[in-house]
Asks: 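My questions all concern the structure below.
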Amino acid sequence: MLRIQRIRQKIIAKDYYISSHAEDEMLDDELERADIENAILKGRIEKKLTEDVRGTRYRIEGPARDGRSIHVICRFKEVGNLVIITAYALTEGI
């Protein structure tokens, strides 16, 4: 199964959690959980980050609900849980 499909399945099943760091960054950029979900469901893996000893991270670029482009960084934990590490807007609100 493609990684983006596996990530999207976790989002659809609500089988993920958002780190406190991601929550802080989301608050700064006025992003909500629905924006993160939208970006993952409609976006693409823009970069695979493999240099972290904690595991491969995926940077997904996609649209927030208001049309802004955002990045969502996530990884799978050892037990298969999806963790949203951070999320931030690339563009200002429309």
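Atoms considered below: every heavy atom in the structure, side chains included; atoms not considered: hydrogens, waters and symmetry mates.
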Asks: Would you say Asn38 and Ile40 make side-chain contact, with heavy atoms under 4.5 Å?
Replies: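 Side chain of Asn38 against side chain of Ile40, heavy atoms only: no contact under 4.5 Å found.
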Asks: Hey, could you give me the CD/NZ distance between Glu61 and Lys42, rounded to the nearest 0.5 Å?
Replies: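 Going from the CD atom of Glu61 to the NZ atom of Lys42 covers 15.0 Å.
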Asks: Is there a side chain to side chain contact (heavy atoms under 4.5 Å, CB included) between Val72 and Thr86 once you walk through the steps?
Replies: CA-CA 6 Å; Val72 178; Thr86 193; over 6 Å; no
Asks: Taking all heavy atoms of Ile60 and all of Ala39, pick out the closest pair and write down the distance.
Replies: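 Closest approach of Ile60 to Ala39, heavy atoms only: CG2-O, 3.9 Å.
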Asks: Under 4.5 Å between any side-chain heavy atoms of Ile45 and Arg59, yes or no?
Replies: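 Contact flag for Ile45/Arg59 side chains = no.
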Asks: What is the minimum heavy-atom distance between Met26 and Glu32, and which atoms define it?
Replies: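 For Met26 versus Glu32, the nearest heavy atoms are CE-C, 3.6 Å.
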Asks: Can you name the closest pair of heavy atoms from Arg65 and Asp35 and give their distance?
Replies: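 For Arg65 and Asp35, the tightest heavy-atom pair comes out as N-OD1, 2.9 Å.
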Asks: Could you grab the distance from atom CG of Leu82 to atom CZ of Arg8, nearest 0.5 Å is fine?
Replies: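 It comes to 12.5 Å.
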Asks: When rounded to the nearest 0.5 angstrom, what is the spacing between CD in Glu51 and CZ in Arg57?
Replies: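 Between atom CD of Glu51 and atom CZ of Arg57 there are 9.5 Å.
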Asks: Any side-chain to backbone donor/acceptor pair from Asn81 onto Tyr17? Under 3.5 Å, distance only.
Replies: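 No, because the side chain of Asn81 does not come within donor-acceptor range (under 3.5 Å) of the backbone of Tyr17.
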Asks: Report yes or no: does Arg75 contribute a side-chain atom to a donor-acceptor pair with the main-chain N or O of Gly55 at less than 3.5 Å?
Replies: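 Between the backbone of Gly55 and the side chain of Arg75 there is a qualifying donor-acceptor contact (under 3.5 Å).
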Asks: Which heavy atom in Ala64 sits nearest to a heavy atom in Ile70, and how many Å separate them?
Replies: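 Nearest pair, atom of Ala64 first, then Ile70: CB-CG2, 4.0 Å.
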Asks: Please round to the nearest 0.5 Å and tell me the distance separating atom CD1 of Ile73 and atom OH of Tyr88.
Replies: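 Spacing of CD1 (Ile73) from OH (Tyr88) equals 4.5 Å.
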Asks: Rounded to the nearest 0.5 Å, how far apart are CG of Leu49 and SG of Cys74?
Replies: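 Rounded to the nearest 0.5 Å, the CG-SG separation comes to 10.0 Å.
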Asks: Find the distance between CD1 (Ile7) and CG (Leu2) and round it off to the nearest 0.5 Å.
Replies: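 Reported value, rounded in 0.5 Å steps: 10.5 Å.
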Asks: For Glu30, does the CD atom sit with more than 12 other heavy atoms under 6.0 Å from it, leaving out its own atoms?
Replies: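 Incorrect, the count does not exceed 12.
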Asks: Between Tyr58 and Arg3, is any side-chain donor less than 3.5 angstrom from a side-chain acceptor?
Replies: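 Yes, Arg3 and Tyr58 have a side-chain donor paired with an acceptor closer than 3.5 Å.
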Asks: With a 3.5 Å distance limit and no angle check, can you tell me whether Glu25 reaches the backbone of Ala22 through a side-chain donor-acceptor pair?
Replies: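 Judged by distance alone, no pair lies under 3.5 Å.
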Asks: Should Arg68 and Leu90 count as side-chain neighbours, where that means a heavy-atom distance under 4.5 Å?
Replies: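 Not touching, per the 4.5 Å side-chain cut-off.
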Asks: Is it the case that the side chain of Ser19 and the backbone of Ile84 share a donor-acceptor pair, with hydrogens and angles ignored and the cut-off at 3.5 Å?
Replies: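 Flag set: sc Ser19 to bb Ile84 pair under 3.5 Å.
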Asks: Is a donor on one side and an acceptor on the other found under 3.5 Å between the side chain of Lys10 and the backbone of Gly80?
Replies: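 Yes.
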